[in-house]
Structure formats: C-alpha cells, structure tokens
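What follows is a set of notes on a single structure, which appears directly below.
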Amino acid sequence: MKLTISMACYDDYDGVFFTTQSLRMHHKLPADTEFLVLDNSPKGDHLEATKHFLTAVPNSRWIHVEDRHSSFVKYDAFKHATGDVVLGLDCHVLLETGFIDHLLEWWQANQGSKNQLTGPLVYNCLKSRSTHMNPVWRGQDFGTWGTDEAGVKGTEPFEIPMQGMGCFSFWREHFPANLPDFQGFGAEEWFFAEKVRKQGGQVLCHPAMGWMHRFCWPKRSYPSCNDARVMNYYRGWLHLYKSLDHPMVQQMTQHWLTVMPQSKLDELIQKAILPA
C-alpha cells in the first residue's frame, strides 16, 4: 500500500517547507511516500523557491496548476497521485505525533474503503479540539465547529457529519470525482461529505489523528471573493440535490437572503447554473 501526501499552495513557500519537513523529520513515513505540491500561484514570489525546495525531497513532484485559481485545486491531486491512499493537507497544517502511524494502520485494515478518514482539529493551546463541523449555517459558511466528547476520548474512528477539508484522506480509486466547476474558495465540507455518503461511504474522525491548521497570518496572499463562494454552494448543492426546490437548497436560499438582496442572489444563482 503506497501513500501520497498532497498539498496545494498559493504563494506559501513557508507553509510548504514547514509542513513537508515536519512530516519527514517527525513521522515514520514509508520510504516510497510520494509528495505532490500543486502550485496555484500564477507568477508569485514564492513559486521558484517552492519548486527548488522540492528538488531536495525524494519522490516529490511540483505541479503548476494554471487553468484556474481556487482552493479546489487541492483535489487535482487525485489526477496525479500514484499512491493507493491520498492524504490531502493544506500547506500550513501540522500533524500530531502518531498521526501517520494511525492513518496507515487504518487504511491497511480497510483497503478499498469508500470512506473519508480524517481527525480532530487541534487548536493553538494544544488542548481544545473539534472533531467535526455541525451542519448549521453561520455567516458565509455552512458548518460550525463541534466536538464529540465521547468520541474524542475513545480510540476508534467514529462517524461525523463533516470536517474541515484542511486534512482528509481517501482511497484514491474511490475519491468522489465528477466535480462541478468550482471557483475561488468555499463550500467544500458538506459537498464532499455528502458525495461520500451517496457512494456508500462514511466520513470518519479518528481521535488519534489530530491536525493543526494555521488560520491567522499577518497578510493573506490568497484572493477570496464572496460571490464565488455563493456560486460554489449552488453549483455543489444542485449537483447533489438536482433542484432549487430541494429542502436543503431552499434552506440555503433563505440563509443567503439574510445576507444579500433577492436581486443579487438571483444573479448569482443564474451564473452558478449556467455552463462555464
């Protein structure tokens, strides 16, 4: 069983460097572990440094993704990976001691599974952790952080509604492909969780697979547009539920109407449903 570790980046050499080197120095990686870095920056200051760094990392590939600029570029890994299992990470995620051991142990025992395996998000204090996201609207996102207190104290993976997609793993052949034309940032978590369930799998949180995500930094380099986020939700949920009249989509529409005028929302829905 071969492991691929993939990261997408956008002008984040530091993130790629520290995540990659932490994995290599602090975890027992199989010798044939493959590293993929999907560089989404058009001509950024970090591009050449990132590319050059990977020349020192065995079994690594730098792939320049130029056809679009989106957080969904991370899922291009499944077009390029050669591993049986793909561990996808944001390029500024650090993994708890033992994470890789538990990841490989679970996938070795569940080869060919249609599940998505992840773990709890660990906060900066190193004590608090969120095992999942609750399916609730808040602000610009569908999902609020939550903790299964019994599950996080256990030793076995347990089912969750969804989790942040800064850390995820799939058996490569069962990654839920056939994705809509997502742009920009946002709307990943529930979409992929539902895709997993629709193909007969579960979204599982392994309590021993903690991961830390850098949420704050002095200057955000990645462009973010709320219009693209709204359109992503409609593209994704219409892909899942097929109709604007579906209760989940209607609930979403009512939420967005608390954020923007009907005319603006109608415009974005039309853009979302038209061919790219």
Legend entry - Tyr241 and Met252, any side-chain heavy atoms less than 4.5 Å apart: no
Legend entry - For Pro180 against Gly236, the heavy-atom pair lying closest together: CG-CA, 4.3 Å
Which pairs would a plain distance check flag for residues 148-157, meaning a side-chain donor or acceptor within less than 3.5 Å of a matching protein atom at least two apart in sequence or in another chain?
| unit_1 | atom_1 | unit_2 | atom_2 | d |
| --- | --- | --- | --- | --- |
| Asp148 | OD1 | Ala150 | N | 3.2 |
| Asp148 | OD1 | Gly151 | N | 2.7 |

Legend entry - Val86 versus Ser6, closest heavy-atom pair with distance: CG1-OG, 3.9 Å
Legend entry - Check: Asn232 and Glu188 side chains under 4.5 Å, non-hydrogen atoms: no
Legend entry - Residues forming a ring pair (Phe, Tyr, Trp, His ring centres under 6.0 Å) with His132, sequence neighbours excluded: none
Legend entry - Pairwise distance CG(Leu117) to SG(Cys167) - rounded to 0.5 angstrom: 8.5 Å
Legend entry - Side-chain touch Asp101/Lys28, heavy atoms, less than 4.5 angstrom: yes
Legend entry - Spacing of CD1 belonging to Ile269 relative to OH belonging to Tyr233, to within rounding of 0.5 Å: 14.5 Å
Inset, instruction - Show your reasoning for whether side chain to side chain contact (heavy atoms under 4.5 Å, CB included) applies to Val122 and Leu94. - result: CA-CA 10 Å; Val122 180; Leu94 299 176; over 6 Å; no
Inset, instruction - Using the side chain to side chain contact (heavy atoms under 4.5 Å, CB included) rule, take Glu189 and Gln163 through it: C-alpha gap first, then chi angles, then the decisive distance, then the call. - result: CA-CA 6 Å; Glu189 298 85 4; Gln163 178 62 303; over 6 Å; no
Inset, instruction - State the CH2-OG distance between Trp106 and Ser169, to the nearest 0.5 angstrom. - result: 7.5 Å
Inset, instruction - Check whether any side-chain heavy atom of Arg172 sits under 4.5 Å from a side-chain heavy atom of Thr4, and report yes or no. - result: no
Inset, instruction - Say whether Thr82 and Glu34, considering side chains only, have a donor N or O and an acceptor N or O under 3.5 Å apart. - result: yes
Legend entry - Verify same cluster id: Met212, Met133 (apolar side-chain graph, 4.5 Å): no
Inset, instruction - Please work out whether the ring planes of Trp145 and Tyr123 are parallel, tilted or perpendicular, with thresholds of 30° and 60°. - result: perpendicular
Legend entry - Distance-minimising heavy-atom pair for Leu268 and Met231: O-CG, 3.5 Å
Inset, instruction - Please report the shortest heavy-atom distance between Trp107 and Ser113, naming the atom on each side. - result: CZ3-CB, 3.8 Å
Legend entry - Glu173 atom CD, neighbour heavy-atom count above 12 within 6.0 Å: no
Inset, instruction - Evaluate the side-chain proximity of Leu95 to Leu103: yes if any heavy-atom separation is below 4.5 Å, no if none is. - result: no
Legend entry - From CG (Leu87) to CG (Leu29), nearest 0.5 Å: 9.5 Å
Legend entry - Residues Asp14, Arg214: salt bridge by 4.0 Å N-O rule: no
Inset, instruction - Report yes or no: do Phe192 and Val136 belong to one cluster of Ile/Leu/Val/Met/Phe/Trp/Tyr joined by side chain heavy-atom distances under 4.5 Å? - result: no
Inset, instruction - Apply ring pair (Phe, Tyr, Trp, His ring centres under 6.0 Å) to His26 and list each qualifying residue two or more places apart in sequence or on a separate chain. - result: none
Inset, instruction - With sequence neighbours excluded, give me every side chain to side chain donor-acceptor pair (under 3.5 Å) pair touching residues 242-256. - result: Tyr234-Thr253
Inset, instruction - Would you indicate whether the side-chain heavy atoms of Trp137 and Val259 approach each other to under 4.5 Å? - result: no
Legend entry - Distance-minimising heavy-atom pair for Thr20 and Val16: OG1-O, 2.7 Å
Inset, instruction - Consider only side-chain N and O atoms of His64 and Lys51, and report whether a donor and an acceptor are under 3.5 Å apart. - result: no
Legend entry - Hydrophobic cluster partners of Val73 (side-chain heavy atoms under 4.5 Å): Leu36, Leu38, Ile63, Val65
Inset, instruction - Would you sort out whether Phe191 and Phe142 count as a ring pair (Phe, Tyr, Trp, His ring centres under 6.0 Å), showing the intermediate values? - result: CA-CA 10 Å; Phe191 174 80; Phe142 185 68; over 10 Å; no
Legend entry - Least distance between heavy atoms, Gln183 atom then Ala228 atom: O-CB, 4.0 Å
Inset, instruction - Quickly, which of Phe170, Phe182, Phe168 forms a ring pair (Phe, Tyr, Trp, His ring centres under 6.0 Å) with Tyr75? Name it, please. - result: Phe168
Legend entry - Spacing of OG1 belonging to Thr19 relative to CG belonging to Asp90, to within rounding of 0.5 Å: 9.0 Å
Legend entry - Whether Trp190 and Trp237 hold their rings parallel, tilted or perpendicular, with breakpoints at 30° and 60°: tilted
Inset, instruction - Just do the side chain to side chain contact (heavy atoms under 4.5 Å, CB included) check on Leu47 and Trp62 with the steps written out, would you? - result: CA-CA 10 Å; Leu47 187 147; Trp62 179 87; 3.7 Å; yes
Quick one: side chains of residues 197-211, donor-acceptor pairs under 3.5 Å with protein atoms, not counting sequence neighbours, listed by atom name and distance.
| unit_1 | atom_1 | unit_2 | atom_2 | d |
| --- | --- | --- | --- | --- |
| Arg197 | NE | Glu194 | OE1 | 2.9 |
| Arg197 | NH1 | Pro161 | O | 2.9 |
| Arg197 | NH2 | Pro161 | O | 3.1 |
| Arg197 | NH2 | Glu194 | OE1 | 3.2 |
| Gln199 | NE2 | Lys114 | O | 3.3 |
| Gln199 | NE2 | His174 | O | 2.9 |
| Gln202 | NE2 | Glu159 | OE1 | 3.0 |
| His206 | ND1 | Ala208 | N | 3.1 |
| Trp211 | NE1 | Gly119 | O | 2.8 |

Legend entry - pair Leu104-Val85: side-chain heavy atoms closer than 4.5 Å: no
Inset, instruction - Apply the test side chain to side chain contact (heavy atoms under 4.5 Å, CB included) to residues Asp84 and Trp171: give CA-CA distance (whole Å), side-chain angles for both, the deciding distance (0.1 Å), then the verdict. - result: CA-CA 6 Å; Asp84 304 295; Trp171 190 261; 3.6 Å; yes
Inset, instruction - Can you measure from CG (Asp39) to CG (Leu54) and round to the nearest 0.5 angstrom? - result: 9.0 Å
Legend entry - Lys195 side chain reached by Gln116 side chain, heavy atoms, under 4.5 Å: no
